Each structure stands twice: as C-alpha cells, then as structure tokens.
Amino acid sequence: MRPVRALVLILLSPLLVALGVLYVPVLLVGMVIYMRRLGATRGQASGTAYEPLQMRLVYHLLGNRPDPVAFELTPHLPATDWGFLPVLISPFVWSIKLLGFIPKAFRYPPSNPTTFSGMMGARCKLIDDALEEHAAHGDQVVLLGAGWDVRGYRRPADQSVPWFEVDTPGTQAIKLTAVEAAYLDASAVTYVTCDFTEQTWLDALDGHGFDRSRRTYVIWEGVSMYLNDEVIAATLRAVTTLPAGSRIAFDLFTRQWLETKLGLAARRTVKRTYDEPWTWGLELDGPLAPSVEAYLGAHGLNVDRCWQLGFESEGVPAVGAVVLAAVPER
Ligand SMILES: C[S@@+](CC[C@H](N)C(=O)[O-])C[C@H]1O[C@@H](n2cnc3c(N)ncnc32)[C@H](O)[C@@H]1O
C-alpha cells in the first residue's frame with residue numbers, strides 16, 4: 001500500500017469503522033433478500049448463473065473487464081431486481097478500491113495456473129481471447145448454457161457474427177424478459193431452448209438459422225459440472241461434426257478434486273444454495289494436461305489451450321482446467 005493511501009486510511013479509520021458497522025445490517029438484510037429471491041425461481045431457472053454474472057460485475061466496476069451490458073441486465077433479473085447492485089455489489093467494490101487490495105478471487109485476469117478461486121476469471125479470459133480470434137474470422141458463435149452472459153449484445157458492427165444462445169426453457173424465458181425490460185439490443189442473437197440431457201445442442205439448433213457447414217466457436221462456460229458422461233460425450237461429438245478449425249471453450253473439474261475435502265464442501269454449498277449439484281468431473285489418469293488431451297483426443301478434438309486450475313503434486317489432484325479444443329483437419 002502506498003504511504004499516502006495508508007496515511008489517509010489511518011486518518012479516516014474512525015469514520016470508516018463507523019460506516020462499516022452501519023453497513024453490516026444493510027448487508028445482512030441484502031443477503032436475505034437475495035437468497036429469498038433466488039429461492040423463488042429454484043427449479044424453474046438457473047440460480048448458479050448469478051455467480052459468474054456477479055464476478056463480471058465486479059471486474060467491470062474495478063475497471064478490469066468492461067461489461068456495461070451486464071450492468072444494464074442485472075436490475076431486471078428476478079434475484080437482483082431490488083437494489084442488488086447498490087446494496088451488495090457497489091459497496092464491496094468501493095471497499096476494495098479504498099483499501100487498494102483486490103482479493104485473489106476477484107483479480108482479472110488471474111495468474112496462470114490459478115487456484116480454485118480464480119476459476120471464473122480464468123475461463124472468462126480464455127473465452128474472451130478466443131472470441132476475439134473467432135469473431136475476426138467471421139465464425140458463428142454458440143453459447144451453450146448461456147445463463148446471464150451478455151457477450152452477444154451490442155458487439156461492434158464490424159465484429160457482428162451469427163450468435164446463438166442455448167439454455168433450458170425456464171432460464172431462457174427469464175433472460176428474454178429481462179433483456180426486453182432492459183431495452184438491450186438483441187437483434188444479433190438467436191435464442192434456442194434445449195435441455196442437454198434430452199437433446200443434443202446441434203439438433204436443437206436445426207431450423208434456427210445455424211449453418212452446420214460454417215466454422216463455429218462454441219462457448220460452454222460453467223456448465224460441464226452439472227452434466228454426466230453421456231451428455232458431455234454427445235456435446236463434444238456434435239462439435240467434431242463441424243468444419244475443421246471450429247472450437248469449443250469450456251471449463252471442467254477433475255473427478256478426483258470433487259472428492260477432496262474442499263471439493264466435497266464446495267459441492268455441498270452449491271447443492272444447498274442452488275439445488276444444482278455438481279455431478280461431473282474429468283477422470284484423471286495421471287497429471288492434468290495429458291489427461292485432458294487424452295480425453296478430448298478420444299472424443300475427436302485437439303487441445304489448443306489448457307489453463308490449469310489448482311496446483312497438482314503427488315497425491316494432490318488439480319482442481320480442473322479451462323480448455324480450448326479444436327476440430328482437426330480431416
Ligand atoms: C453456472 S451457469 C453458467 C451460465 C453462463 N454460461 C455464464 O458463464 O455466465 C450454468 C448454466 O448452464 C445451464 N444448464 C445447466 N444444465 C443444463 C442442461 N441440462 N441443459 C441446458 N442448459 C443447462 C443453466 O441453465 C445455466 O444457465
């Protein structure tokens with residue numbers, strides 16, 4: 001911390017402590033309202049989709065990853081339409097700015113490799129970077145399990161590409177209502193509903209303007225952990241039917257990490273909070289990178305980038321990975 005900032009903080013400390021004490025009841029009431037609002041759409045729409053949204057809001061307010069559209073959408077979503085931004089998100093970011101210290105979980109981009117807490121930042125960064133490349137090539141973009149992601153809205157005209165958002169009917173209906181209420185320009189986005197456990201995403205896209213002969217960038221962010229072996233394999237197989245150079249970016253946990261103490265605790269928390277259990281993790285066969293390569297290779301894809309999550313050593317499994325995989329030339 002710089003000496004001047006430290007001095008100002010010391011001088012202001014009685015005022016800051018008083019503000020902090022006054023804020024505690026506001027924070028508690030805010031948390032209760034948020035949890036109750038989340039509970040109201042439980043089983044109908046995704047609750048976990050709020051987590052990456054919150055991270056993107058924090059990155060935006062810290063000035064590390066602009067996402068003004070996320071800001072416009074947030075006050076129109078069911079769990080966050082009551083003053084969530086000014087009551088919970090903004091004070092948190094102000095305090096970070098005031099202290100001049102960003103906790104590891106909120107740093108963007110995080111270090112590579114990163115820990116579990118940097119997972120959302122890592123996947124966001126890898127996906128954004130690959131998107132730049134694919135948009136420049138004019139590829140189609142498909143978001144599988146789009147949630148409250150707003151990457152497809154108000155893209156610069158010169159980067160406009162066919163854009164598809166796929167999600168369950170319940171989650172997508174809520175997003176559409178929010179997008180309309182926020183007056184977002186969704187003219188470039190095609191919405192398609194699909195439950196991946198019932199239908200492959202590729203079949204769902206048929207008849208919606210998706211071109212199977214065009215190179216495609218598939219974003220599958222924060223979804224694999226809610227699925228199972230068969231659905232994961234079907235999703236990847238569908239990607240391999242697309243033209244060479246098509247890519248899928250996604251994040252995964254390892255099955256071994258999900259069974260560690262921390263993994264089990266995280267699973268319990270997610271299940272209790274959202275009732276959307278983490279059910280899938282990649283079976284490691286040795287170290288992470290070769291396991292990811294072997295798994296994707298067996299499904300017909302080449303690993304292009306692999307960002308490791310967690311540090312592995314003898315008997316300590318990596319947490320997971322964020323992966324960019326490509327359809328090879330045939
Ligand atoms: C953690 S959220 C991630 C949302 C978004 N990708 C992001 O990063 O902001 C998980 C998303 O996957 C979707 N999802 C989970 N299981 C699904 C399934 N079986 N079929 C379709 N979508 C699913 C949820 O509806 C939710 O939008």
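Just follow the structure's listing: the first ligand is 1, and inside any ligand the first atom is 1. The structure displayed is predicted, hence computed values, not measured ones. Just so it is clear, the values below take in all heavy atoms, side chains as well, and ignore hydrogens, waters and symmetry mates.
Of all protein heavy atoms, the one closest to atom 27 (O) of ligand 1 is Asp167 OD2, 2.7 Å. The nearest heavy-atom contact from the protein to atom 15 (C) of ligand 1 is Val223 CG1, 4.1 Å. Protein heavy atom at the shortest distance from atom 19 (N) of ligand 1 is Asp195 OD1, 3.0 Å. When only non-hydrogen protein atoms are considered, atom 26 (C) of ligand 1 lies nearest to Ser46 OG, 3.4 Å. For atom 16 (N) of ligand 1, the closest non-hydrogen atom on the protein side is Leu227 CD2, 4.1 Å. Of the protein's heavy atoms, Gly222 O, 3.4 Å lies nearest to atom 10 (C) of ligand 1. For atom 3 (C) of ligand 1, the closest heavy atom belonging to the protein is Glu221 O, 3.4 Å. Closest to atom 20 (N) of ligand 1, if we only count protein heavy atoms, is Phe196 N, 2.9 Å.
Closest of all the heavy-atom pairs between Ala204 and Cys194 is CB-CB, 3.7 Å.
Judged by distance alone, the side chains of Trp280 and Asn228 never bring a donor and an acceptor atom under 3.5 Å apart. Counted by atom type alone, Thr216 and Gln140 present one or more donor-acceptor pairs between their side chains at under 3.5 Å.
At a heavy-atom distance under 4.0 Å, only backbone atoms of Cys194 (N, CA, C or O) approach ligand 1. No part of Val231 comes within 4.0 Å of ligand 1, judged by heavy-atom distances. Neither the backbone nor the side chain of Met225 comes within contact range of ligand 1; no heavy atom lies under 4.0 Å. The parts of Thr48 lying near ligand 1 are both backbone and side chain, judged by heavy-atom distances below 4.0 Å.
Within 6.0 Å of CZ on Arg36 lie no more than 12 heavy atoms contributed by other residues, nucleotides or ligands. Counting non-hydrogen atoms of neighbouring residues, nucleotides and ligands closer than 6.0 angstrom, the CD atom of Glu133 exceeds 12 such neighbours. Within a 6.0 Å sphere centred on CG of Asp285, other residues, nucleotides and ligands contribute 12 heavy atoms or fewer.
Taking Ile, Leu, Val, Met, Phe, Trp and Tyr as members and joining any whose side-chain heavy atoms lie under 4.5 Å apart, directly or through other members, Val316 forms no hydrophobic cluster with any other residue.
Under 4.0 Å is where a charged nitrogen must lie from a carboxylate oxygen, and between Arg212 and Asp206 at least one such pair does.
Not a single heavy atom of Leu53 sits under 4.0 Å from any atom of ligand 1. Judged by the shortest distance from any of its heavy atoms, Arg56 lies inside the 4.0 Å radius around the atoms of ligand 1.
Under the ring-ring contact (aromatic ring centres under 6.0 Å, His included) rule, His60 has a single partner from Phe71, Phe106, Tyr108, which is Phe71.
Across the listed options Ala49, Ala45, Pro52, Ala146, Ala146 owns the non-hydrogen atom lying nearest to atom 5 (C) of ligand 1.
Under the ring pair (Phe, Tyr, Trp, His ring centres under 6.0 Å) criterion, Tyr34 pairs with Phe84, not counting sequence neighbours.
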